[in-house]
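Questions regarding the structure given below will be posed in turn.
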Amino acid sequence: MPELPEVETIKNYLKRFVVGRRILNFENLNKKQIKVSENDVVGKKILDIERMGKILIIKLSGNKNLTAHLKMSGQFLYFPRNLEKGDLKYARAIFKLNKGYLVFNDVRKFGWLRVGNEEIQKLGIEPFSKKFNIKNLEKIFKQTKRPIKLVLMDQRKIAGIGNIYANEALFLAKINPQKPANKLTKIEIKRLKNSIIKILKRALKYEGTSSRFYLKPDQTKGRYQEKFLVYQKTSKDCSRCGKKIKKIILGGRSTFYCSFCQK
DNA sequence: AATCGTTCCTGATAGC
DNA sequence: TGCTATCAGGAACGAT
């Protein structure tokens, strides 16, 4: 489940591994999710890698950009050597570069890769930007009575936060995930803003969460799963008060929180 | 306009 | 053992 810290980590690795390389060959192994053809990329040079929310942007020479969303189980892996059979079990797209291979893997086939920027325009505020301030958050939260956790995960409002870090940030901010967004006080909004930044930075430091599918481009795991405060910690002791962490379903998503600490 | 339910997909796991 | 049913989950889409 790549969220902002995972996609940012992938971006950082790919900057080192593939920027400056030329695409010698391209193979589309699932046209339903990969909307890129050989013509779009072969012969192009990879100029830069960027990220917006959970979307990865691959900037190519000739003023053409690719965008990618990894959804549940997508991976971008880089192999400096020749590919082996095991590398390609879930491969959906393969870029042969002038040195090594970039492979888009995706077990569940929810992810996508396409030409263009359309999806980026729909995104809300970037957490690591000036716009991520109390005033704008107040505006966003005031307009809905939906549970705060669902608002945090709404990419058109705030870009990059998914289930893991919404749970973690709300715990740190001591806010109940079910609390209607428009009921948050200014103090709570301030705490939440700081908690989101703190959690995302921490997750970035540990290079993301590898609880299921996520791997970094060098095929090693992130380590934030060792640092979870509440996520997937049902019935474990709350690190703050010692009471049991609860699991509920909110908007169809698993939600973990301490009912004593988070009011 | 806001919000809710459904859909996509496959591996892992639970239950018999 | 081996089968089937259920579940997880981001976000687009259609329905209300």
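Keep in mind that the numbers below use all heavy atoms, side chains included, and drop hydrogens, waters and symmetry copies. Throughout, protein chains are lettered first and strands after them, A, B, ... in sequence-line order, and every chain is numbered starting at 1.
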Next on the checklist: Working to the nearest 0.5 angstrom, can you tell me the gap between A:K122 NZ and A:I55 CD1?
Outcome noted: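 Going from the NZ atom of A:K122 to the CD1 atom of A:I55 covers 8.5 Å.
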Item to check | Interatomic distance, A:N167 CG vs C:dG10 P [rounded to whole Å] | outcome: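 Going from CG in A:N167 over to P in C:dG10 covers 10 Å.
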Checklist entry - Between A:K179 and A:E188, is there a salt bridge with N-O shorter than 4.0 Å? => result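 Yes, A:E188 and A:K179 are salt-bridged.
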Checklist entry - When we call it a touch if two heavy atoms are under 4.0 Å apart, what does A:S73 touch: a base, just sugar-phosphate, or nothing? => result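 Contact class for A:S73: none.
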Checklist outcome for this item: With sugar-phosphate taken as primed atoms, P, OP1 and OP2 and all else as base, the protein-contact string of nucleotides 6-13 of chain B at under 4.0 Å (heavy atoms; B, S, -) is --BBBBS-
Next on the checklist: How many whole angstroms separate atom CD1 of A:I164 from atom C1' of C:dG10?
Outcome noted: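 These atoms are roughly 12 Å apart.
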Item to check | Distance, rounded to the nearest Å, where A:L250 contributes CG and C:dA8 contributes C1' | outcome: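 About 16 Å, once rounded to whole Å.
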Item to check | Whichever of A:K247 and A:H69 has its nearest DNA chain C nucleotide further upstream toward 5' | outcome: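 Looking at DNA chain C, the more 5' nearest nucleotide goes with A:K247.
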Item to check | Close side-chain approach of A:R114 and A:L66, heavy atoms under 4.5 Å | outcome: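 They are not in contact (no side-chain heavy atoms under 4.5 Å apart), so the answer is no.
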Next on the checklist: More than 12 heavy atoms of other residues, nucleotides or ligands under 6.0 Å from CD of A:E118: yes or no?
Outcome noted: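 It does not: A:E118 CD has 12 such atoms or fewer within range.
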Item to check | A:K44 atom NZ, neighbour heavy-atom count above 12 within 6.0 Å | outcome: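 Enclosed.
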Checklist entry - When you check the gap from the basic side-chain N to the acidic O, do A:K244 and A:D237 get nearer than 4.0 Å? => result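 Here A:K244 pairs with A:D237 in a salt bridge, since their nearest N and O are under 4.0 Å apart.
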Next on the checklist: Nearest 0.5 Å, please: how far is CG in A:N105 from CG in A:L29?
Outcome noted: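 Interatomic distance, A:L29 CG to A:N105 CG, rounded to 0.5 Å: 9.5 Å.
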Checklist entry - Starting at CD1 of A:I55 and ending at C1' of C:dA11, how long is that distance when rounded to a whole Å? => result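 Rounded to the whole Å, the gap is 10 Å.
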Item to check | Those residues that, when tested against A:K216, pass salt bridge (charged side-chain N to carboxylate O under 4.0 Å, His left out) (two or more places apart) | outcome: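 Only A:E207 meet the salt bridge (charged side-chain N to carboxylate O under 4.0 Å, His left out) criterion with A:K216.
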Checklist entry - For the pair made of CD in A:Q143 and P in B:dT3, what is the distance, rounded to whole Å? => result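 Atom-to-atom, A:Q143 to B:dT3, this comes out as 9 Å.
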Checklist entry - Should A:Y231 be listed as having a side-chain N or O under 4.0 Å from OP1 or OP2 of C:dA8? => result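 No, no such contact exists.
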Checklist entry - When the ring planes of A:Y78 and A:F17 are compared, do they come out parallel, tilted or perpendicular, using 30° and 60° as the limits? => result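 Rings of A:Y78 and A:F17: parallel, as their planes differ by under 30°.
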Checklist entry - Between A:E8 and A:K11, does at least one N-O distance fall below 4.0 Å, as a salt bridge requires? => result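 Salt bridge present between A:E8 and A:K11.
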Checklist entry - Nearest to the side chain of A:R146 - C:dA11, B:dT3, C:dA8? => result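 Of all the options, the side chain of A:R146 is nearest to B:dT3.
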Checklist entry - Would you say A:I46 and A:V7 are hydrophobically clustered, going by side-chain heavy atoms of ILVMFWY under 4.5 Å? => result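 Yes: a chain of side-chain contacts under 4.5 Å links A:I46 to A:V7.
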Item to check | Ring-face cation contact, A:F260 with A:K243, 6.0 Å cut, 45° max | outcome: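 Relative to the ring axis of A:F260, which defines the angle, A:K243 lies inside both limits.
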Checklist entry - Taking only residues two or more places apart in sequence, or in another chain, which ones meet A:F256 in a ring pair (Phe, Tyr, Trp, His ring centres under 6.0 Å)? => result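 Here the qualifying residues are A:Y231.
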Next on the checklist: Does A:E119 reach a base, just sugar-phosphate, or nothing at all? Heavy atoms under 4.0 Å.
Outcome noted: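 The residue A:E119 makes sugar-phosphate contact but no base contact.
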Item to check | Members of residues 198-208 of chain A that approach DNA chain C, where some heavy atom sits under 4.0 Å away | outcome: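 None, since no heavy atom is under 4.0 Å.
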Checklist entry - Rounded to the Å, how far apart are A:K54 NZ and C:dA12 P? => result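 Atom-to-atom, A:K54 to C:dA12, this comes out as 10 Å.
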Next on the checklist: Can you list, in residue-number order, the parts of residues 153-163 of chain A that come under 4.0 Å of DNA chain C, counting heavy atoms only?
Outcome noted: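 Residues of residues 153-163 of chain A under 4.0 Å from DNA chain C: A:M153, A:Q155, A:N163.
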Next on the checklist: Please check if the number of heavy atoms outside A:N98 that lie under 6.0 Å from its CG is greater than 12.
Outcome noted: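 Buried by this count: over 12 neighbours within 6.0 Å.
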Next on the checklist: Based on the rotation axes of five pairs at each end, what angle does the helix from B:dA2-C:dT16 to B:dC16-C:dG2 bend through, to 10°?
Outcome noted: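 Computed angle between terminal axes is 50°.
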Next on the checklist: Check this one for me: any side-chain N or O of A:K122 less than 4.0 Å away from OP1 or OP2 of C:dA11?
Outcome noted: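 False: A:K122 side-chain N/O out of range (4.0 Å or more) of C:dA11 OP1/OP2.
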Checklist entry - At under 4.0 Å between heavy atoms, what does A:M72 touch on the DNA or RNA strands: base, sugar-phosphate, or nothing? => result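 Result for A:M72 = base.
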Checklist entry - Roughly, in whole Å, what's the span from CG in A:L152 to C1' in C:dA11? => result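 Taking atom C1' of C:dA11 as the reference, CG of A:L152 is at 16 Å.
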Checklist entry - Does A:Y13 have A:R16 sitting over its ring (NZ/CZ under 6.0 Å from centre, angle to axis within 45°)? => result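 Pair A:R16/A:Y13 counts as cation-pi.
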Checklist entry - What integer distance in Å separates A:W112:CH2 from C:dC13:P? => result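 My rounded result for the distance is 12 Å.
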